[in-house]
2 protein chains.
Amino acid sequence: MATTIYDVAKLAGVGLGTVSRVLNNSPAVRDSTRQRVQAAIRQLDYTPDPIARSMTRGRTGTLAVIIPFFTRPFSIEVLRGIEASTSRLGFELVVYNIENDAQRDDCFRRLPMSRKADGLLVVSVSPKDVFIPNFAQAQLPTILVDAYNPSITSVVVNNVDGSYAAMKYLLEKGHRRIGFINGQIEGNFKFNQANDRLIGVHRALGEAGINFEPELMEIGSWDRQGGRLASQRLLNLKNPPTAIFAASDVQALGTLETAKAMKLSVPRDLSIMGFDGIELSEWLELTTMQQPMYHMGELGMALLMEQIENPQKPPELIRLNTELVERSTIGSPKIRNEQ
Amino acid sequence: MATTIYDVAKLAGVGLGTVSRVLNNSPAVRDSTRQRVQAAIRQLDYTPDPIARSMTRGRTGTLAVIIPFFTRPFSIEVLRGIEASTSRLGFELVVYNIENDAQRDDCFRRLPMSRKADGLLVVSVSPKDVFIPNFAQAQLPTILVDAYNPSITSVVVNNVDGSYAAMKYLLEKGHRRIGFINGQIEGNFKFNQANDRLIGVHRALGEAGINFEPELMEIGSWDRQGGRLASQRLLNLKNPPTAIFAASDVQALGTLETAKAMKLSVPRDLSIMGFDGIELSEWLELTTMQQPMYHMGELGMALLMEQIENPQKPPELIRLNTELVERSTIGSPKIRNEQ
DNA sequence: TTGTACGCGTTATCAA
DNA sequence: TTGATAACGCGTACAA
């Protein structure tokens, strides 16, 4: 049997209320008594039972994070920021990895109601409006990171401006035929990474007076394989692009693989622009549009703490910017395709 | 106020014991009663409170994993295997990341006693013997992965054989002056990754009749930076090695960076062998000794489930093997250093 | 400053 | 088949 607060009280010869006060550093305990209780605690090697504690306190000391594909480089970087803040603040972290829509909906339906965590960070998935009442009713402090809902404080990057700047950079290098590999557009349309990046592409093209050619856009899964397949289709076009902009670094690296397989030299024969700024992009010298991933996680946690301390805080939307990292996968096109 | 089991009982016009029975699919409930109770549950949107539940049940539905530097590629791969099993089994996962000795000891001291999880997986750190009584006393089912203690079921890779085979491969390629970059040797000596890899190196060298030259061994941190610095020292030797074997892939990649900075061509001027088989090694064409990381996590979880179901199961030691992955960072030395 | 009684939501036990 | 009641371990209000 585990030792309880009663055992401590008995050994110290005090009431259990006193033990509780000592445990919580209440000033209303005589010093001599405190000493005695602490000695008993040490002697019995007593630790308050966390679940019994959360029972009465209503707090669990745990923060939950819902994150899709948590082993993807992007997720990992965000998670790194989250974990650092969490452990610094003395909370424990429970991770809900989701790999499909069923898991996602399951999380959103059940988590809010189950006082299992003191706060929730949702990364990269925007909850359907259907579930918002759950959150509101459950009073579970929640922050969205790389996701958005008007009724929940959200941290997002400006994907439109980011992809606009990425395209503009390619245009300034002289490219006129630019392939665009996007990720799947799914779910929430109020904030959708893929959709926003597409809008940025359109804007840059429009400003440059270039028509958006549908054949130059390919949609693939957000991973390496998606990039590989999409780039194959693009580069097998009769009139292939001189540059490819991929909506994620892993897709860009898949493109790099395709280029290698096709004996295309990068950036001489093909320029490649990524999006995310994962560590791998650094190793492979990929020019990319960097997202502040670690900071997003950190900031999300900071906002979550605020929300926990002040649940009445109205929702806000925080936009972070991306930053171009010039490396060596982009050059000027060999043959200018002037119109 | 959240709805409780009492509310359901009142609405259904039954005692709360009956509601509990319905919740637990006890057969001892008349069908008509069951219907009525279920209707009440739906109407109230009632969910049993998990913490109140674990209070009496003694189970939490949560598994804990202690893992150092969880964002390192090796840890991530193991974690991937763990997470997959965990969620498949319907458990939740709480991650304790540790970045220093204090955090490690803290975890080992406190976690066992706090019924916060139904089981514990410890990755890459062997608990000091001091803490073993804690585990035994707490009856918390525990499995060690990439770590070892005689009184706890452990899953390890055969580091000695792995590094022996890696060295042997280099020797067979004709290398005679081989630099060895090891990680820090710390903590537990009954199972220590760095120490075991060193032993394997010694054995291979011994069999080949080559003296182990201390100047050819460098110790660095387990990361990129550690590999970079160690390889600099090695390659600045009067008589530099023709090949370098690093005890981890990231150290090997740090070595690759050094080589690049020194305008050394790999593998023409320098051969490099890694250890781990992380995804990055595939991208960078690193020849390496592959560990079954994902499988280690998966297997650890399977063993943990067995341990939970049968706490009396005696500890066992499971050894997994590594596998050489030939890629393109190893060739034969330009100038044979025959003795 | 200390001790006591009660409540938290659930399950197990026992009596009906 | 059902209902009432006692734990589970802790915190808190309140009484002493």
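Basis for what follows: all heavy atoms, side chains included, without hydrogens, waters or symmetry-related copies. So that the names make sense, note that chain A is the first sequence line, chain B the second, and so on, each numbered from 1.
- Picking from C:dT1, D:dT2, C:dG9 the nucleotide with the shortest atom distance to the side chain of B:R30 gives D:dT2.
- The CG atom of A:N97 sits 7.0 Å away from the CD atom of A:Q103 when rounded to the nearest 0.5 Å.
- For the pair B:R36 CZ and D:dG3 P, the computed distance is 8 Å after rounding to whole Å.
- Judged by distance alone, the side chain of A:T33 and the main-chain N or O of A:T18 form no donor-acceptor pair under 3.5 Å.
- Distance, B:R59 CZ to C:dT10 C1': 13 Å, rounded to whole Å.
- Distances shown here put a side-chain N or O of A:R57 below 4.0 Å from the OP1 or OP2 atom of D:dG11.
- Within residues 14-23 of chain A, the residues having any heavy atom under 4.0 Å from DNA chain C are, by residue number, A:V14, A:G15, A:L16, A:G17, A:T18, A:R21.
- Look at CG on B:D49: it is 12 Å from P on C:dC8, rounded to the nearest Å.
- D:dC8 atom C1' lies 4 Å from atom CE of B:M55, rounded to whole Å.
- Geometrically, A:R72 engages A:F69 in a cation-pi contact defined by less than 6.0 Å to the ring centre and at most 45° from the axis.
- One can place CG of A:D31 at 9 Å from P of C:dT1, the figure rounded to the nearest angstrom.
- Taking side-chain N and O atoms only, A:Y6 has no distance below 4.0 Å to OP1 or OP2 of C:dT4.
- Counting to the nearest Å, the P atom of D:dC8 and the CD1 atom of B:I51 are 19 Å from each other.
- Phosphate contact (OP1/OP2 of C:dT2, side-chain N/O of A:T33, threshold under 4.0 Å): present.
- Going from atom CD1 of A:I41 over to atom P of D:dG9 covers 17 Å, rounded to whole Å.
- Comparing B:G13 and A:P48 by the nucleotide of DNA chain D whose heavy atom lies nearest to each, the residue mapping closer to the 5' end is B:G13.
- The side chain of B:Y46 sits closest to C:dT10 out of C:dT10, D:dG9, C:dT11.
- Looking at A:E92 and B:K116, a side-chain N of the basic residue comes within less than 4.0 Å of a carboxylate O on the acidic one, giving a salt bridge.
- Here the side chain of B:T4 is nearest to one of D:dT2, C:dT10, D:dG9, namely C:dT10.
- A salt bridge does not link B:R53 with B:D49: every distance from a Lys NZ or Arg NE/NH1/NH2 to an Asp or Glu carboxylate oxygen is 4.0 Å or more.
- Residue A:R53 has no polar side-chain atom (N or O) positioned under 4.0 Å from OP1 or OP2 of D:dG9.
- The backbone N or O of B:F91 lies less than 3.5 Å from no partner atom in the side chain of B:T86, so there is not a single donor-acceptor pair.
- Salt-bridge annotation for B:E83 and B:R80: absent, with no side-chain N of the basic residue lying under 4.0 Å from a carboxylate O of the acidic one.
- D:dG9 atom C1' lies 15 Å from atom CG of A:L44, rounded to whole Å.
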